Amino acid sequence: MSYLEKAKRFFNEAQAVRRQIHENPEIGFKLPQTIKLIKQKLDEHNISYSHLGDTDAIVGTLGDAKKGKTLLLRADMDAIPMLEEAGLEFSSKKDCAHLCGHDMHATSLLVALIMLKEDEDKLNGQIKFLFQPAEETLNGGKLMLESGILENPKPDAGMAIHMWPSGEKLGILINKQEALCSALNFKIEIEGKGAHGALPYTGIDPVFVASQIINGANAILSRELPSNRGASISMGYINALGGAINIIPPKVYIEGTSRSLYGDSAQLVAERLPEIVEHIGKAFRAKTKYEVVANAPALTNTPAMSALVKESAEQVLGDNYEIKYIEPALASEDYAYIASELPESCYFFVSCPLPDKDGNVFAVHHPKVVFNEEALIIGPATMAQAAVNWLNKHSL
Ligand SMILES: [Zn+2]
Ligand SMILES: [Zn+2]
């Protein structure tokens with residue numbers, strides 16, 4: 001029986017798990033209800049696990065390390081702090097919701113593991129699995145690294161999925177190499193000296209300094225990066241607390257994010273931005289603080305593993321689904337922390353649109369986003385097939 005047929009057999013169970021997680025979303029690093037359900041399902045299917053350090057991440061292994069290499073399968077399981085407006089019978093009843101589909105990811109990994117557990121004797125190596133919290137903070141992946149996800153056993157490669165509900169057809173979408181952007185999220189505080197707007201020479205104007213910092217930061221992009229290895233910087237929040245039409249405020253706060261598909265460009269921005277802030281501040285007598293809130297690397301796939309995932313999807317799903325390479329997306333993903341430490345990795349998308357009565361589909365993080373639950377069949381089937389094929393390719 002193919003993994004597609006097997007995944008169909010588990011669909012009702014998968015749907016129930018997914019809807020239960022969906023109805024009871026949790027955000028951040030602590031996900032007590034979510035992990036309780038996942039642990040219960042792992043117990044029911046005789047899959048042993050433990051917590052990663054003292055985190056709410058669940059890890060474990062299947063198969064036999066003596067027969068080959070170790071492949072990490074990772075899913076996230078946290079929701080986002082937004083209200084859901086899809087009006088589903090199982091919509092979130094809380095002030096957060098699974099609008100990024102991480103309930104689908106956790107359930108997909110669960111189904112893949114149940115199927116791989118059935119074939120455990122035949123696995124030519126070892127599967128290591130990770131159910132991860134706090135992806136949406138972009139710091140969960142970092143905590144996984146710090147808590148030892150790459151040790152005992154050390155994975156030789158990794159694989160992860162994400163739902164793509166705004167695509168055209170059901171299927172599997174794969175980035176051959178560059179997949180998602182780095183994300184440097186930062187805060188800047190500029191302390192000047194308040195003054196009457198008519199007497200700027202008696203103060204130190206942090207609004208003026210902020211404007212110079214914003215200009216200076218953008219010069220990194222236009223003057224210091226090659227035009228084919230670009231990055232973006234967006235300062236999405238600026239607050240001049242205490243200022244008014246004729247009052248120079250004492251302080252300005254800025255928050256922003258920088259993205260790039262290229263690790264070297266991301267690194268340059270991460271080095272140069274704090275220098276620009278510090279030196280422009282000094283030039284105009286203001287005190288500055290620069291704080292990094294998150295700094296996830298760019299997510300890059302290994303072309304050979306991308307090809308293996310594409311072939312595995314074609315093998316297991318046949319012609320009924322769309323399977324293709326896609327251009328990189330400019331979003332970010334904290335699995336990149338783990339992937340960037342692995343010799344091989346592939347992160348791919350499960351295209352899962354379910355148009356509403358007017359034919360609309362919505363992207364992740366939209367309050368009305370709806371995920372086609374057929375993804376709970378094709379996602380795990382592809383993941384399990386690709387895992388088996390990768391282990392076979394690297395068996396001893
Ligand atoms: Zn998200
Ligand atoms: Zn997500």
Side-chain angles (χ1 to χ4, degrees), residues 18 21-22 25-29 31 34-35 38 56-57 73-86 91-92 94-110 112 130-144 158-167 172-175 179-185 234 236 257 259 261 293-301 326 328-339 345-354 361-373 375-376 379-380 382-383:
R18 183 262 165 159
I21 299 175
H22 194 91
E26 295 172 301
I27 59 169
F29 289 90
L31 313 171
T34 309
I35 59 171
I38 288 168
D56 269 7
L73 302 181
R74 170 274 197 186
D76 44 21
M77 51 183 177
D78 56 316
I80 55 178
M82 270 179 82
L83 295 176
E84 182 169 11
E85 294 172 14
S91 276
S92 167
K94 296 162 77 173
D95 58 359
C96 57
H98 275 290
L99 305 179
C100 204
H102 298 189
D103 53 338
M104 302 281 288
H105 306 166
T107 309
S108 296
L109 176 57
L110 194 63
L130 167 65
F131 292 92
Q132 181 210 299
E135 192 286 324
E136 289 292 343
T137 68
L138 287 177
N139 281 319
K142 189 167 171 236
L143 180 68
M144 299 300 98
M159 203 184 286
I161 61 168
H162 205 291
M163 296 295 137
W164 193 261
S166 47
I172 301 295
L173 310 174
I174 307 150
N175 298 108
L180 292 172
C181 279
S182 62
L184 171 68
N185 291 349
S234 300
T257 189
R259 309 289 172 115
L261 287 170
V293 180
N295 189 12
L299 181 58
T300 309
N301 288 346
I326 53 165
L330 300 181
S332 303
E333 158 67 72
D334 78 358
Y335 168 66
Y337 279 106
I338 299 170
S345 172
C346 182
Y347 177 91
F348 59 95
F349 294 91
V350 182
S351 180
C352 56
L354 187 65
V361 292
F362 300 99
V364 290
H365 288 222
H366 190 285
K368 290 185 177 167
V369 66
V370 175
F371 301 85
N372 189 326
E373 289 179 323
L376 300 175
T382 303
M383 202 179 228

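Each ligand, and each atom within it, is numbered from 1 in the order the structure gives. Residue numbers start at 1 and run along the sequence shown. Atoms considered below: every heavy atom in the structure, side chains included; atoms not considered: hydrogens, waters and symmetry mates. Quick caveat, the model's predicted, so the values are computed rather than measured.
Judged by distance alone, the side chain of His98 and the main-chain N or O of His22 form no donor-acceptor pair under 3.5 Å.
Because the distance cut-off is set at 2.8 Å, His102 fails to qualify as a neighbour of the Zn ion (ligand 1), as none of its N, O or S atoms comes that close. In summary, no N, O or S atom of His105 is located under 2.8 Å from the Zn ion (ligand 2). The Zn ion (ligand 1) has an N, O or S atom of Glu136 inside 2.8 Å of it.
The CD atom of Glu373 lies 6.0 Å from the CE atom of Met104; values are rounded to the nearest 0.5 Å.
When Asp76, Asp56, Asp334 are each tested for a side-chain hydrogen bond (donor to acceptor under 3.5 Å, both in side chains) with Gln132, only one passes: Asp334.
Atom NE2 is the N, O or S atom of His365 at the shortest distance from the Zn ion (ligand 1).
The angle subtended at the Zn ion (ligand 2) by SG of Cys100 and NE2 of His162 is 100°, given to the nearest 10°.
His162 and Phe349 have tilted rings, their planes meeting at an angle from 30° to 60° on a 0 to 90° scale.
Checked against salt bridge (Lys or Arg N to Asp or Glu O under 4.0 Å), Arg259 has no partners two or more places apart in sequence or in another chain.
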